[in-house]
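To start, the structure itself, in structure tokens.
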Protein chains: 2
Amino acid sequence: MSQIPPVMARMWGREPAPRRGPRPRLDLETITAAAIAIADAEGLAGVSMSSVAVRVGVAPMTLYRYVGSKEELLIVMSDGALPAPPARGDLTWRAYLAAWTRANREFLLGRPWLLSLPYLTPPMGPRRLSWLECVLDALAGTPLDTGEKFNVATTLSGYALTSATTIAGMQEPDPGDTVVHPSDYGAMLAEVVEPHAYPALSAAVRSGLPGEADDWTEDGDFRFGLDLLLDGVAALIARRVSQAGGGR
Amino acid sequence: MSQIPPVMARMWGREPAPRRGPRPRLDLETITAAAIAIADAEGLAGVSMSSVAVRVGVAPMTLYRYVGSKEELLIVMSDGALPAPPARGDLTWRAYLAAWTRANREFLLGRPWLLSLPYLTPPMGPRRLSWLECVLDALAGTPLDTGEKFNVATTLSGYALTSATTIAGMQEPDPGDTVVHPSDYGAMLAEVVEPHAYPALSAAVRSGLPGEADDWTEDGDFRFGLDLLLDGVAALIARRVSQAGGGR
DNA sequence: ACCTGAACACCGTTCAAGT
DNA sequence: ACCTGAACACCGTTCAAGT
């Protein structure tokens with residue numbers, strides 16, 4: 001058994017090797033915390049094996065005892081940077097999932113470098129999976145099957161991701177990022193989009209539109225999409241309930 | 001005016017500088033196509049300024065005449081790699097948006113390196129905006145306002161992205177990627193997730209679950225989430241219609 | 001005006017050597 | 001057993017020089 005990849009074993013504290021001799025002076029958590037601190041301060045561009053090593057006071061190559069590669073370090077960071085999911089309290093599934101999605105979006109906005117992590121793997125770390133756990137738990141009282149619950153979780157976190165990306169893309173640059181920061185997205189589009197090639201878009205853009213950063217950051221747009229999704233979930237639950245009722 | 005960022009000007013063929021003297025031997029499209037071809041063949045890791053330069057037969061520094069930085073090149077690639085959106089035909093808005101979302105997901109799966117592009121900017125390139133145009137056009141006959149139409153587009157492309165990421169994460173590795181490829185995601189989770197810390201998740205995982213790659217790749221799960229979203233849009237439209245009817 | 005060669009300041013990673 | 005110094009094969013980017 002135990003065919004789980006090495007990063008995963010390490011994230012879950014399953015040290016692969018037995019140990020004799022001197023205790024390690026370092027551990028993965030310390031390294032991860034240092035890398036996260038750098039990313040918070042300087043963006044992902046500031047995170048290099050050597051900058052992390054300097055911060056924990058060690059030679060760069062020492063890190064390779066704890067992490068197979070930089071790519072693995074990034075994966076570990078992407079889990080370590082997550083906060084705990086919101087507490088369930090006595091919210092309905094719907095109120096809870098709304099809070100959950102909002103909290104998900106919030107931590108992405110608080111650490112925009114999470115949005116620029118080069119590869120998105122399926123949820124594998126303890127933190128990320130605790131967020132998944134919460135969705136399953138919130139839906140435990142509903143007639144949805146396991147696959148459906150997973151789908152709800154995927155869809156909601158996807159929505160949080162998209163929403164965060166949209167906002168982060170128009171906000172202040174990361175420290176270290178310089179390429180594109182449309183302070184006025186709508187005006188930018190208006191300048192470039194030609195009416196005969198993009199009729200609907202250019203009409204929308206010219207009639208003033210949701211291009212102002214303020215509008216997008218407003219909560220209304222976020223709630224709009226979220227309600228759309230939750231309405232869908234509610235409708236599905238209602239369907240399942242009536243099916244179950246009719247079947248017995 | 002013209003406060004659009006340089007990458008954007010270049011993507012739209014607005015050459016910033018006047019030109020006297022020798023004609024350039026290269027253009028941005030050629031460079032972009034070469035970079036995309038490398039990414040298709042070797043993954044994003046294979047794309048370096050020098051590998052692209054070699055492919056177009058030029059010194060690496062020549063590229064900086066056409067592109068401000070590697071980051072800009074990646075942005076240009078992310079637009080250039082998109083196919084044309086599906087034709088509207090005489091589909092209903094709903095059928096069209098379903099096809100649109102599916103096509104969106106499909107090109108992401110066909111070029112998984114798009115999923116690992118380091119930073120997601122708001123839609124700015126001609127191709128990406130033509131996808132947006134199509135959503136606005138499909139919803140033109142509905143009473144949704146501009147902001148709502150944008151939101152629908154954002155939500156649907158977010159869903160395509162999430163769905164593609166989930167599938168790509170469990171499929172064959174990119175050429176060049178080696179870190180994590182859970183051939184059996186469910187079994188992996190089962191091995192690591194403890195019942196008392198993750199009760200709902202470990203129950204789900206142990207009762208056999210949507211962890212098999214086949215299940216996820218199945219169309220059913222994708223359609224599930226998509227219908228959920230489109231049901232929400234339909235409900236909103238119905239609400240707006242009845243409001244408009246009552247208001248006059 | 002366009003292109004380039006040499007050079008700069010970095011990368012991530014290996015490996016054999018130290019303790 | 002853990003840590004490291006030296007070394008390798010790269011990066012992206014600058015700048016002054018060629019034509």
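The chains referred to below are lettered A, B, ... by the order of the sequence lines, with proteins before strands, and numbering in each begins at 1. Because only heavy atoms are used, hydrogens play no part in the values below, and waters and symmetry mates are left out as well, while side chains stay in.
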What I'd like to find out is whether the side chain of B/R111 reaches to under 4.5 Å of the side chain of B/I36, using heavy atoms alone.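 Touching, per the 4.5 Å side-chain cut-off.
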
Under a 4.5 Å cut-off applied to non-hydrogen side-chain atoms, are B/E106 and B/P86 in contact?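 No; the side chains remain at least 4.5 Å from each other.
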
Taking atom [atom2] of [N] as reference, at what distance in whole Å does atom [atom1] of [X] sit?
| X | N | atom1 | atom2 | result |
| --- | --- | --- | --- | --- |
| B/L26 | C/dT4 | CG | C1' | 14 Å |
| B/L63 | D/dT14 | CG | C1' | 15 Å |
| A/Y64 | C/dG12 | OH | P | 6 Å |
| A/M49 | D/dC11 | CE | P | 18 Å |

Shortest side-chain distance from [X], nucleotide among [options]:
| X | options | answer |
| --- | --- | --- |
| A/A59 | C/dC11, D/dT13, D/dT4 | D/dT4 |
| A/M61 | D/dA6, C/dC3, C/dC11 | D/dA6 |
| B/V58 | D/dT4, C/dC2, C/dT4 | C/dT4 |
| A/R65 | D/dG12, C/dT13, D/dC2 | D/dC2 |
| B/K70 | D/dT13, C/dT4, C/dC3 | D/dT13 |

Under a 3.5 Å distance rule, please check whether [X] uses its side chain to pair with a backbone N or O of [Y] as donor and acceptor.
| X | Y | result |
| --- | --- | --- |
| A/W131 | A/P83 | yes |
| B/N104 | B/W100 | no |
| B/R55 | B/I38 | no |
| A/R105 | A/A164 | no |
| A/W113 | A/E42 | no |

Taking any heavy-atom pair under 4.0 Å as a contact, classify A/T62: base, sugar-phosphate, or nothing.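 Result for A/T62 = base.
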
Under 4.0 Å from OP1 or OP2 of D/dG12: is there any side-chain N or O of B/S50 that close?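 For D/dG12, OP1/OP2 do not have a side-chain N/O of B/S50 under 4.0 Å.
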
Both distances under 3.5 Å, Watson-Crick or G-U wobble: on that basis, could you give the dot-bracket string for DNA chain D, with [ ] for crossing pairs and | for other-strand partners? ||.|||||...|||||.||

